[in-house]
A.B. asks: 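One structure coming up, written as structure tokens, with questions to follow.
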Protein chains: 4
Amino acid sequence: MATPSTPAPRSAPNPDRRSERARQAILDAALELCGEQLYAGLTMEGIAKRAGVGKQTIYRWWPSKAAILLEAIEERGRSTLDFPDTGNLEADLRTQMTQVAQAFASPMFAAYSKGLIAAAQSDPDIAKAVVETIINPRVDLCRERLSKAQSAGELREDIDLADLVELLYAPLYYRLLLHTRPVTNDQVDTILNLALNGAAQDKK
Amino acid sequence: MATPSTPAPRSAPNPDRRSERARQAILDAALELCGEQLYAGLTMEGIAKRAGVGKQTIYRWWPSKAAILLEAIEERGRSTLDFPDTGNLEADLRTQMTQVAQAFASPMFAAYSKGLIAAAQSDPDIAKAVVETIINPRVDLCRERLSKAQSAGELREDIDLADLVELLYAPLYYRLLLHTRPVTNDQVDTILNLALNGAAQDKK
Amino acid sequence: MATPSTPAPRSAPNPDRRSERARQAILDAALELCGEQLYAGLTMEGIAKRAGVGKQTIYRWWPSKAAILLEAIEERGRSTLDFPDTGNLEADLRTQMTQVAQAFASPMFAAYSKGLIAAAQSDPDIAKAVVETIINPRVDLCRERLSKAQSAGELREDIDLADLVELLYAPLYYRLLLHTRPVTNDQVDTILNLALNGAAQDKK
Amino acid sequence: MATPSTPAPRSAPNPDRRSERARQAILDAALELCGEQLYAGLTMEGIAKRAGVGKQTIYRWWPSKAAILLEAIEERGRSTLDFPDTGNLEADLRTQMTQVAQAFASPMFAAYSKGLIAAAQSDPDIAKAVVETIINPRVDLCRERLSKAQSAGELREDIDLADLVELLYAPLYYRLLLHTRPVTNDQVDTILNLALNGAAQDKK
DNA sequence: GCCTAATCGAGACGGTACGTCCAGTCTTTGG
DNA sequence: CCAAAGACTGGACGTACCGTCTCGATTAGGC
């Protein structure tokens, strides 16, 4: 007889009886409102009203509004999970990174950045969830592609691929979150040029 | 009856009569509270009570709590504005970037990141102010140092220095804001190695 | 095509299939909860949980929680319906009124007073039901006894017996509902003395 | 150095700074709403909205909606505090009791009965306050008048005047709260006739 | 003695009001 | 006139119940 793995903090609701209609309406409302106004103006009451749903129904299934956004993005944002492999590393990276750069300009990723990452600064649980469900899967896919390239002799043997992934994508997040300059396709070219070839003058 | 020269939208306060004691107490209280708890738990009422100050005194001089933090950091955080020039570019960058990496771990920069940058996602004014008063001055100093190196033939001629600054510092912000891994001194070495020398295998 | 004889506003439940177990459990739970806490803290959800019953089962058979109490009291509280006739009017009244006075102190009558009468102030249906099922039967019995006494020449011919019943029992309700003094057996003696003999000095 | 007499449960508000405008608006709104609908439909939120007041302002000064009604009635309902003394006891009682009987039909006393007395069944504090601020002052005035009559030989020496007050007024409350028959002026005559002269046949 | 339909326990649903907390404004008092 | 104090309107918070609705799982009556 196995002990239940979930401790059921407060008479856990039964997911089988969950209303899919309400769930979708809540995710839709959250994304819409986050697109229309800024994340700080996003309220549980607003989501409930827009979704035509009781507040309790939200609190029954999600611990916070950030958790709603997380689920919404995880469910609807699977498009940036593709990673091509044409044999040409630089071209493949350009394809994928351009896709990310364009996503950063879409309303849904506005919700992502303005909402989740901001909330993550004040809530370690959100931070953990963002890393695990959003960041890591994409990082892993990128690292696999890089690993093939390293095996093929296209990349130096002595570099850590996780560090290289960081170097490639960090500048996109930098502009997104610090609002210095807009994220563009040109930026991707620049990053690839610098990261692959290095900034130093060839010693020859 | 003379019209006052300043239109005074609503009885503009006179800075000459401002109480420096109250101003310092408010900045102190804001930083202390931001260090003790998360930014989301930082309230105007809490700052006023901690500072022994009326709420009106805060609203008279600052438009938001983020503005308070901004002023606090601008006033107390001038240390990371130094930029060395020993003639060795990589060493100088390592010195400065290590300094930044260590600042990211200090309580005051917790306030900076968790507070200001999060708030900037929901408030364009804050975003603008952060870039102008915090980011740009440091970027400019870095770019000047890089410019000397470029003139000295240490860096490729064809690269944009603003892009290089981004490439160097973005990974630090990436870890800070996305909470993937802690920011360490080792990270600085890795960034410099990759960014200066490139990840690609030497074509010989 | 025959119209059903009962219009069945919304699928009227069939009393033949009613679960007597559930009915008793609900009445018990309602009385217990009303005894343990104040009427204001009595909830449909609490009754359902205590009775181990679905909420719908309650709503199917009763329109309100006051209706539950009413049925509970009507079913279990038939004891105060006895009215003695020993030939001595004052003694018989003392017997019956003392019984009522003691009932007012019992937990079940706490439910009666604190629950039903309070609810009756906000719900005319409850008020009507209380009068018809609880008050009137007892008033009628008392009036019959008084009528015999009037015929026997023990009471004045010119008085309305309904008014006299009121005069006798009203002071018990007065203390019960206004919480001025506790209802005691002594009060019964005092009432009988005053109501039968009058407060005025004999003119003699 | 004196210890403050009030323990100040939670940073007690300063009554000197209280807004009389808000206070009157709240009392008005409570009485109006209680007159329009039944007490059970009276909500703090409704009062706040009608009064144009924040909910906090209500909770700052009153512990419950019953407390609001109590203050409203105490402040506006001083009219039934008069007690005549013409030398004719029965006439004076008739005057006063008729006044009370008529008050029981007015909207404000609907609030009184349907609200306060119902609430008193579930809240001992309310019950205590009702007795002390509403009931007792009026009972005392009546008892004084009866006392004069007793000294003047109009009433029997052996009766407790508090009991007589109860006997006189209880039937009015009986009809009011139990909703058996409406309270009328005729009822007052009946009560006086019975209570003063007694129901028993003169033994002569 | 099945079969079928209603009732049952259970609880998720859209709502309303609760009582609290904080935002941002207004008012009072004192320096 | 500024500062402190804090009461004010307003609105979102997260909770508790309301009364309705929707699920299987009994469970009883009519066949």
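Chain letters run A, B, ... following the sequence lines, proteins first, then strands; residues in each count from 1.
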A.B. asks: Taking side chain to side chain contact (heavy atoms under 4.5 Å, CB included) as the definition, give me every residue that meets it alongside E71(A), ordered by chain and number, with sequence neighbours left out.
C.D. replies: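 E71(A) satisfies side chain to side chain contact (heavy atoms under 4.5 Å, CB included) with R18(A), R23(A), L27(A), W62(A) once adjacent residues are dropped.
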
A.B. asks: With 3.5 Å as the limit, what N/O pairs link the protein to nucleotides 29-31 of chain E?
C.D. replies:
none

A.B. asks: According to a strict under-4.0 Å criterion, is W61(C) in side-chain N/O contact with OP1 or OP2 of dA6(E)?
C.D. replies: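 For dA6(E), neither OP1 nor OP2 has a side-chain N or O of W61(C) closer than 4.0 Å.
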
A.B. asks: Which heavy atom in I126(D) sits nearest to a heavy atom in A67(D), and how many Å separate them?
C.D. replies: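 Smallest heavy-atom distance, with atoms named: CD1-N, 4.0 Å.
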
A.B. asks: Is the shortest side-chain N/O distance from W62(C) to OP1 or OP2 of dG19(F) below 4.0 Å?
C.D. replies: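 For W62(C), the contact criterion (side-chain N or O under 4.0 Å from OP1 or OP2 of dG19(F)) is not met.
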
A.B. asks: Only counting residues at least two apart or in another chain, list the ones meeting side chain to side chain contact (heavy atoms under 4.5 Å, CB included) with D16(C).
C.D. replies: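 Expected list: N14(C).
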
A.B. asks: How close do A30(B) and I68(B) get, counting heavy atoms only, and between which atoms?
C.D. replies: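 That would be CB-CG2, 3.7 Å.
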
A.B. asks: Pick the nucleotide of DNA chain E nearest each of R21(C) and P63(D); which residue has the one closer to the 5' end?
C.D. replies: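 It is R21(C) whose nearest nucleotide is closer to the 5' end.
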
A.B. asks: Looking at residues at least two apart in the chain, or sitting in another chain, which of them share a side chain to side chain contact (heavy atoms under 4.5 Å, CB included) with D28(C)?
C.D. replies: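 Counting only residues at least two positions away or on another chain, D28(C) forms a side chain to side chain contact (heavy atoms under 4.5 Å, CB included) with E32(C), R76(C).
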
A.B. asks: Check every atom of dG14(F), dC8(F), dA23(E) against the side chain of Y59(A) and return the nucleotide holding the closest atom.
C.D. replies: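 The answer is dG14(F), which lies nearest to the side chain.
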
A.B. asks: K49(B): which residues meet the salt bridge (Lys or Arg N to Asp or Glu O under 4.0 Å) condition with it, sequence neighbours left out?
C.D. replies: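 Residues passing salt bridge (Lys or Arg N to Asp or Glu O under 4.0 Å) with K49(B): none at all.
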
A.B. asks: Using side chain to side chain contact (heavy atoms under 4.5 Å, CB included) as the criterion, list what pairs up with A127(C), not counting sequence neighbours.
C.D. replies: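 Partners of A127(C) by the side chain to side chain contact (heavy atoms under 4.5 Å, CB included) criterion, ordered by chain and then number, come out as A120(C), H179(D).
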
A.B. asks: In whole angstrom, give the distance that lies between atom CZ of R60(B) and atom C1' of dC26(E).
C.D. replies: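 About 12 Å, once rounded to whole Å.
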
A.B. asks: Quickly work out the I58(A) CD1 to dT15(F) P distance and round it to whole Å.
C.D. replies: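 The answer, rounded to whole Å, is 13 Å.
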
A.B. asks: Using the salt bridge (Lys or Arg N to Asp or Glu O under 4.0 Å) rule, collect all pairs that involve residues 119-129 of chain C, keeping only residues at least two apart or in two chains.
C.D. replies: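 Sorted result for residues 119-129 of chain C: K128(C)-E132(C).
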
A.B. asks: Strictly below 4.0 Å, heavy-atom distances to any atom of DNA chain E: list the hits from residues 25-55 of chain B, or just say none.
C.D. replies: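 Contacts with DNA chain E under 4.0 Å: T43(B), M44(B), E45(B), K55(B).
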
A.B. asks: Can you give the donor-acceptor pairs under 3.5 Å from side chains of residues 34-48 of chain A to other protein atoms, not counting sequence neighbours?
C.D. replies:
{"unit_1": "E36(A)", "atom_1": "OE1", "unit_2": "R50(A)", "atom_2": "NH2", "d": "2.9"}
{"unit_1": "E36(A)", "atom_1": "OE2", "unit_2": "R50(A)", "atom_2": "NH1", "d": "3.2"}
{"unit_1": "E36(A)", "atom_1": "OE2", "unit_2": "R50(A)", "atom_2": "NH2", "d": "3.2"}
{"unit_1": "T43(A)", "atom_1": "OG1", "unit_2": "G46(A)", "atom_2": "N", "d": "2.8"}
{"unit_1": "E45(A)", "atom_1": "OE2", "unit_2": "K55(A)", "atom_2": "NZ", "d": "2.9"}

A.B. asks: Using atom NZ of K65(B) as one end and atom P of dC21(E) as the other, report the distance to the nearest whole Å.
C.D. replies: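 So the NZ-P distance, K65(B) to dC21(E), works out to 16 Å.
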
A.B. asks: Taking CZ from R23(A) and C1' from dA12(E), how many angstroms apart are they, rounded to a whole number?
C.D. replies: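 From R23(A) CZ to dA12(E) C1': 16 Å.
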
A.B. asks: May I ask you to evaluate whether T57(C) reaches the phosphate of dG9(E), defined as a side-chain N or O under 4.0 Å from OP1 or OP2?
C.D. replies: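 Answer is yes, contact under 4.0 Å.
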
A.B. asks: Q56(C) has a side chain; which of dT20(E), dC21(F), dC8(E) sits nearest to it?
C.D. replies: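 From the listed options, dC21(F) comes nearest.
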
A.B. asks: Categorize S19(C) for me: base, sugar-phosphate, or nothing, with a 4.0 angstrom heavy-atom threshold over every strand shown.
C.D. replies: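 Sugar-phosphate contact only - S19(C) comes under 4.0 Å of backbone atoms but never of a base.
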
A.B. asks: Does R18(B) reach a base, just sugar-phosphate, or nothing at all? Heavy atoms under 4.0 Å.
C.D. replies: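 Sugar-phosphate, no base atom in range.
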
